[in-house]
Amino acid sequence: MSEKQAPFPNAFLIGIQKAGTTTLNDWISQHPQVYCYNSLKDIPLFVKFPEPDKLNKRLLLETPAYQNEPVVFHAAVNYIFYPSLLQQIAAKQPAAKLLLILRNPVARAISSYFYFRKMIRETRDIETALIYQAKKDFEITRDNNDFTYIEHGFYYEQLKNCLQYFSKEQLLVLDYDELKNNPGKLLQEVFHFLNIDETFKPDLTAKNITGELKSKYLQQRLVNKSGFRKWVVDKLIDPWLPVNKRKLLKNKMFEMNTSKTARQPADIFVEEETLRKIRERLTEFYLHDTTKLDELLNTNFFSKWFAHNTIPKE
């Protein structure tokens, strides 16, 4: 007798980092016509589970059980970042609908830096971390996921890769500023794109805010892979807490340990002049890419993000 098949996602939130994807995923997952793999948020399915049978077994662990919702949804910010992952989505689900939310790439890079400082992943000073020679080719690794601050902002290049495998009609590009300032309108657009009830009103609480740590000690215990932590997981967590619940619990603990008022870790003071210089340097990286992005999508992101900059010559 063949194993039961879990519903495979037919809609994906494919990126980008630090642009409200956790919040948007939460809002969409509340819709009664959406089944969302919340415990696998930000885990690219084909990386974690390259073998189809193991992927299917993991998907079957999700709770609550699938109830024939028309939209089966999965969100992972690095789908857009790696062409091989987009290719695998297309091979498995060629008619998939894709959501992508874009944020000013300079603000995104700086926010990402402070986020990974908060997560105790990043230890370098801000200038060393953010000003470097961008790479063009890289393997799928944790460091390449997190520390490629500049590369994540090359939206044109990423979308050009995406459109090799999907049509523009399958892709909905959203604006981070709309998510912040007019979430109701943005969600109507999303629900229309997904062909589900546009009148549904989710709880619009924001998630995964960068913020300031309440307890650095607790954060270290959550993120450091010590022998004691492994013992706790093996002996206390594994026997009692199902795998699909662990990430949700850990995320909840991260959220509870973050103040919603401070915008950067208190132990990292950066002079405003330093930030100004970093913004100027980062802007130089993105002017060409953003003009091409607008040509590709018929959008006006350049004027929104870089209104006072001159469009550069090739």
Side-chain angles (χ1 to χ4, degrees), residues 8-25 28 36-37 40-48 72-109 111-112 115-116 134-179 186 189-190 193-194 208 282 285-286 288-290 292-299 301 305:
F8 192 80
N10 55 26
F12 294 82
L13 178 56
I14 59 175
I16 57 170
Q17 286 184 345
K18 300 311 296 175
T21 55
T22 300
T23 293
L24 183 58
N25 177 76
I28 293 172
C36 185
Y37 286 110
L40 290 166
K41 165 74 167 61
D42 284 337
I43 299 177
L45 300 181
F46 310 106
V47 177
K48 184 72 172 178
V72 181
F73 193 68
H74 183 245
V77 294
N78 284 314
Y79 277 135
I80 188 65
F81 195 55
Y82 296 108
S84 62
L85 299 184
L86 296 169
Q87 185 178 22
Q88 290 180 82
I89 292 176
K92 179 73 174 179
Q93 194 70 276
K97 292 187 175 183
L98 309 179
L99 301 173
L100 176 67
I101 184 162
L102 299 182
R103 179 182 183 181
N104 180 314
V106 175
R108 192 220 67 82
S111 176
S112 186
Y115 174 76
F116 287 116
K135 297 183 290 184
K136 290 187 177 181
D137 299 304
F138 33 78
E139 298 177 350
I140 302 175
T141 67
R142 190 184 183 200
D143 282 356
N144 284 335
N145 291 345
D146 297 348
F147 301 145
T148 43
Y149 299 110
I150 294 173
E151 292 89 341
H152 273 284
F154 292 136
Y155 304 145
Y156 165 74
E157 293 296 333
Q158 293 170 53
L159 277 161
K160 184 178 68 173
N161 289 328
C162 181
L163 293 175
Q164 292 183 39
Y165 308 109
F166 300 94
S167 69
K168 287 186 179 180
E169 290 70 30
Q170 291 176 263
L171 175 68
L172 179 63
V173 177
L174 302 165
D175 186 339
Y176 173 78
D177 292 334
E178 282 288 304
L179 179 134
L186 179 138
E189 187 178 2
V190 168
F193 176 70
L194 296 176
N208 201 29
L282 288 175
F285 288 113
Y286 298 124
H288 276 301
D289 186 85
T290 305
K292 292 179 181 178
L293 174 72
D294 283 340
E295 292 173 3
L296 180 67
L297 300 180
N298 193 28
T299 50
F301 285 115
W305 296 338

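Numbers here are sequence positions counted from 1.
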Would you say that Asn78 contacts His152 through its side chain, given a criterion of any heavy-atom pair below 4.5 Å between the two side chains? yes
Say you draw a straight line from OG1 of Thr290 to CG of Leu296; how long is it, rounded to the nearest 0.5 Å? 12.0 Å
Could you pull out every donor-acceptor pair under 3.5 Å between side chains of residues 83-101 and any protein atom, sequence neighbours left out?
unit_1	atom_1	unit_2	atom_2	d
Gln88	NE2	Ser84	O	3.3
Gln93	NE2	Pro9	O	2.9
Lys97	NZ	Phe193	O	2.5

Nearest atoms (heavy-atom pairs only) where Phe285 meets Ile150: CE1-CD1, 3.7 Å
Looking at residues at least two apart in the chain, or sitting in another chain, which of them share a ring pair (Phe, Tyr, Trp, His ring centres under 6.0 Å) with Phe154? Tyr286
Identify, with sequence neighbours excluded, every residue that meets ring pair (Phe, Tyr, Trp, His ring centres under 6.0 Å) alongside Phe12. Tyr79
Donor-acceptor pair, side chain of Gln17 and main chain of Asn145, under 3.5 angstrom: yes
Residue pair Leu293 / Thr299: nearest heavy atoms and the distance that separates them: O-OG1, 3.9 Å
For residues Ala76 and Pro44, report the shortest heavy-atom separation together with the two atoms involved. CB-N, 4.1 Å
In this structure, OG1 of Thr141 is separated from CZ of Phe147 (nearest 0.5 Å) by 9.5 Å
side-chain contact (heavy atoms from CB on, under 4.5 Å) partners of Glu151, counting only residues at least two apart: Phe81, Tyr132, Ala134, Lys135, Phe138, Thr148
Tell me which pairs pass salt bridge (Lys or Arg N to Asp or Glu O under 4.0 Å) where either residue lies in residues 163-175, with sequence neighbours left out. Asp175-Lys304
Mind checking salt bridge (Lys or Arg N to Asp or Glu O under 4.0 Å) for Asp289 and listing every partner two or more places apart, or none if nothing turns up? none
dist Ile14:CD1 -> Gln158:CD (nearest 0.5 Å) comes out at 9.0 Å
Looking at side-chain heavy atoms only, is the closest gap between Thr22 and Lys41 below 4.5 Å? yes
Sequence neighbours left out, what passes salt bridge (Lys or Arg N to Asp or Glu O under 4.0 Å) with Asp294? Give chain and number order. none
Hey, what do you get for CG (Leu102) to CD (Glu178), rounding to the nearest 0.5 Å? 13.0 Å
Step-by-step side chain to side chain contact (heavy atoms under 4.5 Å, CB included) determination, Phe8 to Leu45: CA-CA 10 Å; Phe8 192 80; Leu45 300 181; 4.2 Å; yes
Non-neighbouring partners of Tyr149 that pass side chain to side chain donor-acceptor pair (under 3.5 Å), sequence neighbours left out: Glu122
side-chain contact (heavy atoms from CB on, under 4.5 Å) partners for Glu189, two or more places apart: Leu172, Leu174
Name all residues meeting the ring pair (Phe, Tyr, Trp, His ring centres under 6.0 Å) criterion together with Phe301; count only those two or more places apart in sequence or in a different chain, and write none if there are none. Trp305
Rounded distance [0.5 Å steps], CD1 in Ile140 versus CZ in Phe46: 11.0 Å
Asn298: which residues meet the side-chain contact (heavy atoms from CB on, under 4.5 Å) condition with it, sequence neighbours left out? none
Sequence neighbours left out, what pairs pass salt bridge (Lys or Arg N to Asp or Glu O under 4.0 Å) with at least one residue falling in residues 155-166? Glu157-Lys160
Less than 4.5 Å apart, side chain to side chain, heavy atoms only: is that true for Phe73 and Leu13? yes
Side chain to side chain donor-acceptor pair (under 3.5 Å) evaluation trace for Asn25 with Tyr37: CA-CA 10 Å; Asn25 177 76; Tyr37 286 110; over 6 Å; no
So CG of Asn161 and OH of Tyr82: to nearest 0.5 Å the spacing works out to 13.0 Å
For Lys18 versus Arg108, what's the shortest heavy-atom pair and its separation? O-CG, 4.0 Å
